[in-house]
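Report on the structure given below.
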Amino acid sequence: MGKIICFVSGKGGVGKTTSVANVGVALALLGNETLVIDADLGLRNLDLALGLQDAVVYDLLDVSSGVCTTAEAMIHSDKYPNLWFMPASQFKEQTTITAEEMQLVADLVRDTYDFILIDCPAGLNETVSSVGAVSDMGIIVVQPEPFSLRDGDRAAEFIAKAGIQDIRLLVNRYKKELVQTGKMLNILQVIEKMAIQIIGAIPDDDEVLLSGIQGEPLVINQNAAVSKYYLDTAERILGKQIPLTEIQPKKSFFKKMFGK
Ligand SMILES: Nc1ncnc2c1ncn2[C@@H]1O[C@H](COP(=O)(O)OP(=O)(O)OP(=O)(O)O)[C@@H](O)[C@H]1O
Ligand SMILES: [Mg+2]
């Protein structure tokens, strides 16, 4: 049975879609059959992040309403072995997905893939609640700044209420220079503030931004410096205990990170 993992944030624009695309491709590169679902109805972007916008015919709501089969909605490109993509609707009047509709889709795909990553819309709404109800793990994406951390806390409470027990933190876009000069929170300080087990930390890097513009997740280029951070995150999802590169871990840190 596949593991369903949703990517959530309170605040918008923190890097959910970019993270789903890169961590999804990383899991696929590591040999896992992986499905990425865009649940950001009306404001979809995952198709662009993967460069698959021209291949979109059917979408998530077509699957949940029986307009098409799961197989018909699924997009696959030879660029990404082991990866499948189910897009969100863009022009439909319905802009959220109900718990029943999401349950139906989850039941249809769960047994076919090792991992199903779901890109949620920003904010805390019906879609996030419906996705949360079918997810085994929730990844809260934050940037290391106060607004994002506060909203991340709210998001964690929200998906816990939706039924997710395994909640992890992905710190995105930390700037090494600002951390070094004490102007930005370091990863340990973020972990202390959030009190959520961390699953990964991704630096701010223009290559990530550019790969988003080009429509090809950076991690596909395994030589790019930042690819390692996405691959490490994927390995941790697989259960490997890989220390974060950016910190000298203390024993208490390992306890928080791995619960050991
Ligand atoms: N680690 C990173 N380094 C540099 N740029 C990044 C990084 N992660 C994301 N970005 C950029 O930040 C912008 C917002 O990212 P993204 O669209 O993934 O956020 P989001 O949380 O999905 O937004 P929304 O809430 O609107 O759905 C994009 O331009 C993306 O390329
Ligand atoms: Mg997004």
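In listed order, ligands and their atoms are each counted from 1.
- Between Trp84 and His76, the ring planes are parallel. Angles under 30° get that label, and only those over 60° would be called perpendicular.
- The shortest distance between side-chain heavy atoms of Val128 and Phe158 falls below 4.5 Å.
- Distance from atom 29 (O) of ligand 1 to its nearest protein heavy atom, with residue and atom name: Leu209 CD1, 3.4 Å.
- At a 3.5 angstrom cut-off on N or O pairs, Val14 counts as close to ligand 1.
- Nearest protein heavy-atom neighbour of atom 15 (O) of ligand 1: Thr18 OG1, 3.5 Å.
- The protein heavy-atom contact nearest to atom 19 (O) of ligand 1 is Gly15 N, 3.0 Å.
- Contact annotation: for Asn172 versus ligand 1, heavy atoms closer than 4.0 Å belong to the side chain alone.
- Considering backbone and side-chain N/O of Thr17, one or more are found under 3.5 Å from N/O of ligand 1.
- Contacts between Asn45 and ligand 1, counted as non-hydrogen atom pairs separated by less than 4.0 Å, are absent for every part of the residue.
- No donor-acceptor pair under 3.5 Å is formed between the side chain of Asp47 and the backbone N or O of Gln53.
- Within 6.0 Å of CZ in Arg110 there are more than 12 heavy atoms belonging to other residues, nucleotides or ligands.
- Heavy atoms of Gly212 stay at 4.0 angstrom or farther from ligand 1.
- Only the backbone of Pro203 comes within contact range of ligand 1, with a heavy atom under 4.0 Å; no side-chain atom does.
- Taking every non-hydrogen atom of Asp40 and a distance limit under 4.0 Å, the qualifying atoms of ligand 1 come out as 27 (O).
- Judged by distance alone, with hydrogens and angles left aside, the side-chain atoms of Ser135 form no donor-acceptor pair with the main-chain N or O of Gly138 at under 3.5 Å.
- The atoms of ligand 1 that sit less than 4.0 Å from any heavy atom of Ala122 are 25 (O).
- Distance from atom 24 (P) of ligand 1 to its nearest protein heavy atom, with residue and atom name: Gly13 N, 3.5 Å.
- In terms of polar-atom proximity, defined here as any N/O pair under 3.5 Å, Cys120 makes no such contact with ligand 1.
- With ligand atoms numbered from 1 in the order given, ligand 1 contributes 25 (O) to contacts under 4.0 Å with heavy atoms of Gly12.
- Looking at atom 13 (C) of ligand 1, its nearest protein heavy atom turns out to be Arg173 NH1, 4.1 Å.
- If you number the atoms of ligand 1 from 1 as listed, the ones under 4.0 Å from a heavy atom of Lys16 come out as 18 (O), 19 (O), 20 (P), 21 (O), 22 (O), 23 (O), 24 (P), 25 (O), 27 (O).
- Put simply, the side chain of Val56 reaches to within 4.5 Å of the side chain of Ile75, judged on heavy atoms.
- Proximity of Asp205 to ligand 1, defined as any heavy-atom pair under 4.0 Å, is confined to the backbone N, CA, C and O atoms.
- Interface of Asp204 with ligand 1, defined as ligand atoms under 4.0 Å from a residue heavy atom, comprises 3 (N), 4 (C).
- With 2.8 Å as the limit, Thr17 counts as an N, O or S neighbour of the Mg ion (ligand 2).
- Each of Ile198, Ile199, Ile140 was checked for a side-chain contact (heavy atoms from CB on, under 4.5 Å) with Arg168, and the lone residue meeting it is Ile199.
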Next on the checklist: Checking Leu27 against Asp114 for the side-chain contact (heavy atoms from CB on, under 4.5 Å) test, could you report, in this order, the C-alpha distance in whole Å, the side-chain angles of both residues, the deciding distance, and whether it holds?
Outcome noted: CA-CA 9 Å; Leu27 283 165; Asp114 299 316; over 6 Å; no
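- Remark: the Thr17 side chain and the Asn45 side chain contain no N/O donor-acceptor pair separated by less than 3.5 Å.
- Between Val105 and Leu60 the shortest side-chain heavy-atom distance falls below 4.5 Å.
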Item to check | Working for side-chain contact (heavy atoms from CB on, under 4.5 Å), residues Val57 and Glu72 | outcome: CA-CA 8 Å; Val57 179; Glu72 283 170 329; over 6 Å; no
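- Within the structure, every pair that satisfies the salt bridge (Lys or Arg N to Asp or Glu O under 4.0 Å) test and touches residues 86-101, not counting sequence neighbours, is listed here: Asp59-Lys92, Asp62-Lys92.
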